[in-house]
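Structure, as structure tokens:
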Amino acid sequence: MTNFPVEKIRADFPILAETIRNKPLVYLDNAATCQKPQSVIDSLVHVYAHEYANVHRGVHTLSVRATDKYESTREKVRSFINAASDKEIIFVRGTTEAINLVAQSYGRTNIQAGDEILISAMEHHSNIVPWQMLCEQTGAVLKVIPMTTQGELIYEEFERLLTPKTKLLAVVHMSNALGTINPVKRMIDAAHALDVPVLIDGAQAIPHMSVDVQALDCDFYVFSGHKLYGPAGIGVLYGKQALLEAMPPYHGGGDMIKRVTFEKSEYAGLPNKFEAGTPSIADGIALGAAIDYLTAVGMDTIAAYEAELLAYATEQAKQIKGLKLIGEAAEKGAILSFVLDHIHPHDIGTMLDSLGIAIRAGHHCAMPVMDFYGVPATARASFAMYNTKQEIDFLMQGIQSLIEVFG
Ligand code: 7TS
């Protein structure tokens with residue numbers, strides 16, 4: 001393995017020192033949510049101890065301090081994804097809320113009966129259901145780009161499905177159930193050739209690779225703080241300024257208005273127009289600490305290390321008889337989904353837990369993916385920058401031992 005300073009990084013994550021059932025914790029459920037470095041935890045504590053007040057409203061010192069810190073995260077996010085302006089960074093609760101916002105605000109304004117919304121066969125439920133709801137409300141039609149058993153989108157089918165009827169493309173950057181990294185840049189260019197705006201679900205991609213929204217030229221990019229080593233309850237909707245400006249608010253309330261009378265309200269400008277109500281103040285500030293941490297390590301360094309972890313895990317897994325990998329795309333992020341002959345994924349999860357190993361077993365909120373492979377669920381090990389080759393060895397030994405006992 002390269003000289004990635006994994007032990008130094010592990011020391012920054014206090015929870016990794018926990019024991020589970022008298023075994024050292026092996027945390028391999030990072031796609032569900034990842035653990036937090038001490039600097040993020042400290043940031044949360046510091047806010048509540050020294051900087052906490054409501055934002056955007058007060059003239060008093062503490063409110064100004066909280067507002068400055070909260071707004072500094074917006075600038076950190078802007079720089080992290082290379083957005084052109086911090087007006088394009090809308091704070092939301094997470095990926096799910098961001099997609100619902102676009103579906104309801106952009107969708108209800110721009111999509112009509114007979115129009116088509118194009119998604120892919122490997123979407124998380126949060127990039128399916130909001131579009132189905134929009135289709136019910138508008139009479140639009142949902143179209144789905146199919147995939148191969150390797151877990152790759154069929155590009156020719158995508159090109160076939162992209163037509164003048166298509167009014168929006170919403171596609172996942174990296175699949176949570178399969179690990180597939182989609183050729184989003186190419187897809188965005190193809191969609192734009194037909195003036196189709198594109199939303200990229202970056203929930204899984206964002207912690208694993210550097211993302212440049214201007215280079216991608218996507219219209220919307222969405223992600224959650226909790227998968228990015230930051231707190232839960234805060235997430236990001238990036239949108240191109242011109243699109244966001246033309247969109248109506250999603251929620252109405254305080255903080256999103258210029259002036260209110262009983263007859264009519266005048267909305268605030270970006271980004272406040274989409275940020276009604278008191279936000280997750282401390283979580284927002286601590287997301288800034290998570291971005292500082294990641295920037296210091298370097299996203300390209302993280303991507304290179306995780307690629308080695310995935311290659312090692314894949315090679316080991318392929319040697320286990322009776323183990324079938326679900327998702328073997330050529331371009332893959334650090335996720336290993338698998339099933340074992342004769343052992344239900346939930347039993348795999350429970351038995352590995354008895355060894356201190358946390359993996360996810362289930363449909364991963366991607367039921368159509370499970371249906372496609374004809375399995376009720378998969379076991380999924382998902383890696384983060386603090387995982388090690390030794391932990392992968394523990395996982396493989398654990399799987400071997402349960403095959404010996406139950407297989
Ligand atoms: N999109 C993708 C690709 C995801 O993986 C998830 C969460 C979401 C959207 C929704 O994010 P949220 O933060 O709004 O909930 N994925 C998972 C998972 O794989 N296991 O638990 C949550």
Side-chain angles (χ1 to χ4, degrees), residues 27-36 77 90-104 119-133 144-145 147 151 153 169-182 184 187 198-209 211 218 220-238 250 279-280 283-284 286-287 290 326-327 329 331-338 345-346 349 358-370 373 375 377-384:
Y27 186 77
L28 301 176
D29 193 16
N30 296 289
T33 195
C34 70
Q35 302 298 348
K36 318 304 170 199
V77 171
I90 311 296
F91 286 131
V92 289
R93 278 189 299 143
T95 308
T96 303
E97 188 177 55
I99 298 173
N100 278 279
L101 190 162
V102 175
Q104 289 303 308
I119 62 169
S120 88
M122 62 177 82
E123 300 305 322
H124 184 278
H125 295 165
S126 65
N127 202 26
I128 303 173
V129 184
W131 306 118
Q132 287 174 330
M133 290 164 64
V144 182
I145 310 160
M147 64 177 173
L153 293 183
L169 168 66
V171 71
V172 71
H173 197 169
M174 171 175 155
S175 154
N176 71 317
L178 304 168
T180 308
I181 297 172
N182 286 314
V184 288
M187 296 174 82
V198 184
L199 176 142
I200 302 293
D201 174 354
Q204 293 297 337
I206 197 87
H208 299 296
M209 63 186 82
V211 169
C218 51
F220 301 104
Y221 196 97
V222 299
F223 58 94
S224 304
H226 70 96
K227 295 188 204 280
L228 190 64
Y229 304 92
I234 185 87
V236 172
L237 161 66
Y238 158 80
Y250 174 48
S280 276
D283 300 316
L287 176 62
I326 302 287
E331 292 293 324
K332 247 190 98 167
I335 283 178
L336 204 71
S337 249
F338 60 93
H346 286 126
I359 62 147
R360 177 97 188 260
H363 53 64
H364 317 297
C365 296
M367 281 185 186
V369 174
M370 302 299 116
Y373 286 97
V375 295
T378 74
R380 180 188 70 184
S382 51
F383 309 109

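Nothing fancy with the numbering, it's 1 onward along the sequence. Atoms within a ligand are numbered from 1 in the order they appear, just like the ligands themselves.
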Self-check item: Under 4.0 Å from ligand 1, counting heavy atoms only: the protein residues, by chain and number
Solution: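 Protein residues near ligand 1 are A31, A32, T95, T96, H124, S126, V172, N176, D201, A203, Q204, S224, H226, K227, R360, R380.
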
Quiz prompt | For A103, side chain to side chain contact (heavy atoms under 4.5 Å, CB included) partners two or more places apart | solution =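 With sequence neighbours excluded, A103 shows a side chain to side chain contact (heavy atoms under 4.5 Å, CB included) to P130, W131, given in chain and number order.
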
Self-check item: S126-T95 side chain donor-acceptor pair, cut-off 3.5 Å
Solution: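 There is no such pair between these side chains.
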
Quiz prompt | Side chains of E123 and V171 in contact at under 4.5 Å (non-hydrogen atoms) | solution =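 Of all side-chain heavy-atom pairs linking V171 with E123, at least one is under 4.5 Å.
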
Quiz prompt | Side chain proximity check, Y221 to I206, heavy atoms < 4.5 angstrom | solution =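 With C-beta onward as the side chain, the pair touches.
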
Quiz item: Quick one: does D201's side chain have a donor or acceptor within less than 3.5 Å of a partner on A203's backbone?
Solution: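 Pair found, side chain donor or acceptor close to backbone of A203.
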
Practice problem: Output yes when a side-chain donor or acceptor of K36 lies under 3.5 Å from a complementary backbone atom of G230, and no otherwise. | Solution: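 The answer is yes, because a donor-acceptor pair under 3.5 Å joins these two groups.
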
